[in-house]
Amino acid sequence: MEIEKRSLIEGISRRQFIQMSTMLGTAGLLSHSLSSLAAGIVNLPFANGKRSMASFPQKGNLILLRTRPPLLETPFEVFDKGIFTPNNLFFVRWHLADIPTSVDVESFRLKVHGHVKKPIELTLKQLVHDFQPVQMAAVNQCSGNSRGFFQPRVSGAEWGNGAMGNALWTGVRLKDVLKKSGINPGAVQVRFNGLDKGVVPGTPDYMKSLDVDHALDDEVIIAYAMNGKPLPLLNGFPLRLIVPGWYSTYWVKMLSDIEVLNKPDENYWMTSAYLMPATPGASVAPGQKDYKKIPINKMVPRSFITNFKDGDMIHAERDMAVRGIAFGGDAGVKQVLFSADRGKTWKPATLGKDYGKYSFRQWETHFRAGPRGADQVLMVKTINSHGLEQPGRPTWNPTGYMLNVIEKTILHSV
Ligand SMILES: Nc1nc2c(c(=O)[nH]1)N[C@H]1C(S)=C(S)[C@@H](COP(=O)(O)O)O[C@H]1N2
Ligand SMILES: [Mo]
């Protein structure tokens, strides 16, 4: 374990050097990304879905939604290659444009303050050496993943299905760090802030809060590694919060400040942004106004076919292997059901290795391709271990959150 820790710290220092030499300020980041724009163009399967590919520092080719602050989507083929999303192909989402282009690992401090017995400041070395390391596989998914599929259309980043990824996170329990500082009686929430800022004066700083009970559970992690390596800068180097089972709006990147609050957090990002309808399935009718809104929270189950895409041609009347990924949201995957006849009949798929309830789970099964000329509608759905099942009808809300409708993939037999 000692050796592992040391090599991680060395990895972090090396990383810092790479950042210093490749990222010459925000302007450098911009020109770097623009000059390396790959010739590739992709068409996400909805209106105005044409996108270019781009490569940012430490990242491979990703689908470009916006340059500054960056919104980069994982090309869907990546999810067919494995259960863990490679760091360089992991999607990227930032709200504010003033993002540090390097972080000095020696002077960096994680501060814990507010309604605590003793405010503390931790170095990265202290975090790595003085606390018990923990590891967890967990899906990081944007609340607005798949927003581009909303009908009627809604405003916001028009993601396809690639604003999600699964990684093995290594770090320390938030609980252990909070204990070191000592929470005072009367604490109600814990607020997380990162190093990013707005460029326009008065822009609300990006901060998110969890209830104290949630912050003190065993599962919330302050991660310093992603798939065994330091986090890419754009995914939150050197530290980010991992809130397993919850939408990634809470997974604060470049985490540098933890504040224990004795009253509910009323900052913009908690009370105005990231609200969902408190209705069944988070759905409302287009135009509806009179509903209660609450902060978005737990993820819902989803599943995808990864080895075919809509419109693919297959050989008629052959046995075909089909596979994909599933996740249960805030619970494990109990079952994945597959249909090759537009949902008339369903059969359980075989599940792959279980990396824990918050991870992607691979599934696979077979079907018989239809006669020549036929269109064949494949469908897949997950039921999670709480018994929650993907809906047959798409979620709709004006913010474009939480889509988890059963996916349909139409193949043509030739
Ligand atoms: N500091 C900071 N953390 C943040 C954000 C941000 O804008 N600033 N965006 C959040 C949102 S909305 C998403 S979807 C995830 C994206 O994580 P990723 O870029 O590592 O994929 O980061 C979350 N953490
Ligand atoms: Mo997000």
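In listed order, ligands and their atoms are each counted from 1.
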Quiz item: Where on Trp94 is there a heavy atom closer than 4.0 Å to ligand 1, on the side chain, on the backbone, on both, or on neither?
Solution: both

Practice problem: Number the atoms of ligand 1 from 1 as they appear, then name those within less than 4.0 Å of a heavy atom of Cys142, with their elements. | Solution: 14 (S)

Quiz item: When you check the side-chain N and O atoms of Thr399 and Arg147, is any donor under 3.5 Å from an acceptor?
Solution: no

Exercise. Could you find the nearest protein heavy atom to atom 24 (N) of ligand 1 and give me its residue, atom name and distance?
Key: Trp251 O, 3.0 Å

Practice problem: Check each heavy atom of Gln141 against ligand 1 and say whether those closer than 4.0 Å belong to the side chain, the backbone, both or neither. | Solution: neither

Quiz item: Where's the contact between Asn140 and ligand 1, heavy-atom distance under 4.0 Å: side chain, backbone, both or neither?
Solution: side chain

Quiz prompt | Side-chain H-bond candidate by donor/acceptor type, Thr409 with Asp310, under 3.5 Å | solution = no

Quiz item: For ligand 1, is there an N or O atom under 3.5 Å from any N or O atom of Thr249?
Solution: no

Practice problem: Determine whether the side chains of Tyr206 and Thr249 contain a donor N or O and an acceptor N or O closer than 3.5 Å. | Solution: yes

Quiz item: Aromatic ring centroids of Phe304 and Phe76 under 6.0 Å?
Solution: yes

Quiz item: Considering only the protein, which heavy-atom contact is closest to atom 14 (S) of ligand 1, and what is its distance?
Solution: Ser248 OG, 3.0 Å

Exercise. Number the atoms of ligand 1 from 1 as they appear, then name those within less than 4.0 Å of a heavy atom of Asp196, with their elements.
Key: 1 (N), 2 (C), 6 (C), 7 (O), 8 (N)

Practice problem: With heavy atoms only and a cut-off of under 4.0 Å, state how Asn235 meets ligand 1: side chain, backbone, both or neither. | Solution: both

Practice problem: Looking only at non-hydrogen atoms, find the nearest pair between Trp159 and Ala163 and report the distance. | Solution: CD2-CB, 3.4 Å

Quiz item: For His95 and ligand 1, does the shortest N/O to N/O distance drop below 3.5 Å?
Solution: yes

Quiz item: What protein heavy atom sits nearest atom 10 (C) of ligand 1, and how far away is it?
Solution: Tyr206 OH, 3.5 Å

Quiz item: At under 4.0 Å between heavy atoms, which part of Tyr247 makes contact with ligand 1: side chain, backbone, both or neither?
Solution: neither

Quiz prompt | Salt bridge Lys125-Glu106, side-chain N to carboxylate O under 4.0 Å | solution = yes

Quiz item: Going through the distances and angles, do His95 and Tyr274 end up as a ring-ring contact (aromatic ring centres under 6.0 Å, His included)?
Solution: CA-CA 12 Å; His95 290 87; Tyr274 287 104; 5.6 Å; yes

Quiz prompt | Which of the ligand 1 atoms, numbered from 1, are nearer than 4.0 Å to a heavy atom of Tyr274 | solution = 12 (S)

Exercise. For Ser339 and Asp341, work out which heavy atoms get closest and say how close.
Key: OG-OD1, 2.7 Å

Quiz item: In the protein, which heavy atom is nearest to atom 20 (O) of ligand 1, and how far is it?
Solution: Arg240 NH1, 2.6 Å

Quiz item: Can an N or O of Phe91 be found at a distance shorter than 3.5 Å from an N or O of ligand 1?
Solution: yes

Quiz item: What protein heavy atom sits nearest atom 19 (O) of ligand 1, and how far off is it?
Solution: Lys253 NZ, 2.4 Å

Exercise. Would you mind reporting whether Arg153 and Phe46 have side-chain heavy atoms less than 4.5 Å apart?
Key: yes

Self-check item: Residue from Arg93, Lys59, Lys253, Arg240 passing side chain to side chain donor-acceptor pair (under 3.5 Å) with Asn235
Solution: Lys59

